[in-house]
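In what follows, every heavy atom counts, from backbone to side chain, and hydrogens, waters and symmetry copies are set aside. Each chain gets a letter, A, B and so on, in the order its sequence line appears, and its residues count up from 1.
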2 protein chains.
Amino acid sequence: MTDAKPRQTKQRAAIVDALGRGGFRSAQDWHDVLRHDGAAIGLATVYRALQALAESGDVDAVVTDSGETLYRLCEAGEVHHHHLRCRACGAAEDVDIPTFEAWATSVAAQHGYSRIEHTVELTGVCHQCATEGA
Amino acid sequence: MTDAKPRQTKQRAAIVDALGRGGFRSAQDWHDVLRHDGAAIGLATVYRALQALAESGDVDAVVTDSGETLYRLCEAGEVHHHHLRCRACGAAEDVDIPTFEAWATSVAAQHGYSRIEHTVELTGVCHQCATEGA
DNA sequence: ATGTATAGTGATAATCGTTGTCAAATAGAG
DNA sequence: CTCTATTTGACAACGATTATCACTATACAT
C-alpha cells in the first residue's frame with residue numbers, strides 16, 4: 001500500500017488557485033474558468049486533479065439530478081458538514097446537522113447495516129433569486 | 001396547463017408490474033428484468049415510463065455517485081421518507097427522520113432560502129453482505 | 001548542474017447512461 | 001369500425017466522464 005503522493009505541478013497549482021474563488025462548479029466549468037485565466041490546461045487534467053482532490057478530501061463533490069458532478073474547495077481540517085445550495089445562482093452555504101451523524105449510525109445499526117455513509121443535500125432558492133424572478 | 005394524461009398501454013402496465021417486486025434498479029436493469037419476463041419492450045420506452053412515473057411521484061428516483069439514476073416503486077399516499085440502501089446487494093429499507101423536515105425548513109429559513117428540497121441518502125452494508133465477504 | 005526514471009499532461013478516441021428522431025403500431029373517442 | 005393523436009422501439013445523437021498513449025517535466029540521485 002505505497003500510494004504515491006501526487007507531484008507538484010503548475011496545473012495542480014492553477015486548479016487549486018481557481019478553486020479558491022469558491023462556488024460549486026462542474027469539472028468542465030472549472031476548465032473554462034482556467035482557460036479564461038489564460039492557463040493552458042487540458043480537460044482531462046482538470047478531471048483527474050478534481051477527482052484526486054475529492055478523494056483526498058480537499059474538495060467537496062456533489063452529484064446533481066442530471067448526473068453532473070460539481071466540485072468546490074473545502075477548507076482544510078473542517079469537520080464533516082452539509083450544504084444548502086441555491087438552485088438558481090449556485091451559491092452555497094455550509095450547514096451542519098448536530099445530531100444527524102449519531103442518528104444515522106443508530107438507525108443503520110437497528111437495521112443491521114454497517115459501514116454507513118450518508119449524503120444530505122439541501123437545495124432551495126436564495127432570498128436574492130427569489131425576489132428577482134420565477 | 002392541460003397536461004395530457006398518459007394512455008394505458010401494455011408496456012406501462014408491464015413496467016409497473018415489474019416495479020412491483022421492489023428494489024432500487026437502474027432503468028437499464030428494469031429493462032433487463034422486463035425482457036427476462038418475456039416482455040417485448042424497448043429501452044427508450046422504459047426510460048420514458050420511469051421518468052414519467054418519477055415525475056408524477058409514483059416512483060422514487062435517486063442518483064448514485066456514478067451518475068446512474070435508480071428507480072423504485074413508491075407506495076401511493078406514503079408520507080415522505082428516506083432510504084437506507086445496501087451498497088453490496090441493493091436492498092433498501094425505508095426509514096424516516098422524525099425531526100429532519102422541520103429542521104431543514106428552519107435552517108433554510110435562517111439563511112433566507114425558500115422552496116426547499118432535500119435529499120438524504122444513507123448507504124451501508126447490510127448484515128448479510130457484511131458476513132459473506134468484502 | 002545533469003541525467004534519468006517515472007509520474008503528469010493533453011489531444012483524442014472510447015465508453016456509458018440517457019435522450020432525440022421518426023416511421024410504424026395502437027389506444028381510445030366518435 | 002374508423003380515425004387520429006399518442007406511444008412505441010430501433011437506432012442515431014448527445015454529453016459527461018474515462019481510457020489511451022506519445023510526449024513532457026518533476027524529483028531525485030549523481
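- Taking atom CG of residue B/Asp29 and atom C1' of nucleotide C/dT18, one finds them 14 Å apart after rounding to whole Å.
- Summarising the geometry, the separation between CD on B/Glu68 and C1' on D/dT17 is reported as 13 Å, rounded to the nearest angstrom.
- Between A/Lys10 and A/Asp17 there is no salt bridge, since no side-chain N of the basic residue sits under 4.0 Å from a carboxylate O of the acidic one.
- Between B/Trp30 atom CH2 and C/dT18 atom P the separation is 14 Å, expressed in whole Å.
- Toward the 5' end of DNA chain C, the nearer of the two residues B/Leu70 and A/Ile41, judged by each one's closest nucleotide, is A/Ile41.
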Sugar-phosphate or base contact per nucleotide [nucleotides 24-30 of chain D; S, B, -; heavy atom under 4.0 Å]:
--BS---

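- For the salt bridge (charged side-chain N to carboxylate O under 4.0 Å, His left out) test, residues two or more places apart in sequence or in another chain that qualify with B/Arg87 are A/Glu117.
- For the pair A/Arg48/A/Thr45, a side-chain contact is recorded, criterion being any heavy-atom separation below 4.5 Å from C-beta on.
- Following rounding to the nearest Å, B/Asp65 (CG) and C/dC16 (P) show an atom-to-atom distance of 19 Å.
- Side-chain atoms of A/Trp30 never come within 3.5 Å of backbone atoms of A/Ile15 as a donor-acceptor pair (strictly under, hydrogens ignored).
- B/Ile15 has its CD1 atom 11 Å from the C1' atom of D/dT8, to the nearest Å.
- The line from NE2 of B/His127 to SG of B/Cys86 is 12.0 Å long, rounded to the nearest 0.5 Å.
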Test log, rule side chain to side chain contact (heavy atoms under 4.5 Å, CB included), inputs B/Leu122 and B/His83:
CA-CA 6 Å; B/Leu122 287 173; B/His83 308 292; over 6 Å; no

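- Using a 4.0 Å heavy-atom criterion, one finds that A/Thr69 contacts the sugar-phosphate atoms exclusively.
- A heavy-atom distance below 4.5 Å is not found between the side chains of B/Leu84 and B/Glu121.
- Inter-residue side-chain proximity for B/Leu53 and B/Tyr71 is flagged as unmet; no heavy-atom pair is nearer than 4.5 Å.
- If you take CZ of B/Arg25 and P of C/dG17, they are 16 Å apart, rounded to a whole angstrom.
- Distance, B/Leu43 CG to D/dA13 C1': 14 Å, rounded to whole Å.
- Set against D/dT17, D/dG9, C/dG10, the side chain of B/Gln11 has D/dG9 as its closest nucleotide.
- Taking a 4.0 Å limit (strictly below) on heavy-atom distances, residues 44-53 of chain A reaches DNA chain C at A/Ala44, A/Thr45, A/Arg48.
- Between the side chain of A/Arg35 and the main chain of A/Ile41, a donor-acceptor pair closer than 3.5 Å is present.
- Comparing A/Arg35 and B/Gly67, the nucleotide of DNA chain C nearest to each residue sits closer to the 5' end for A/Arg35.
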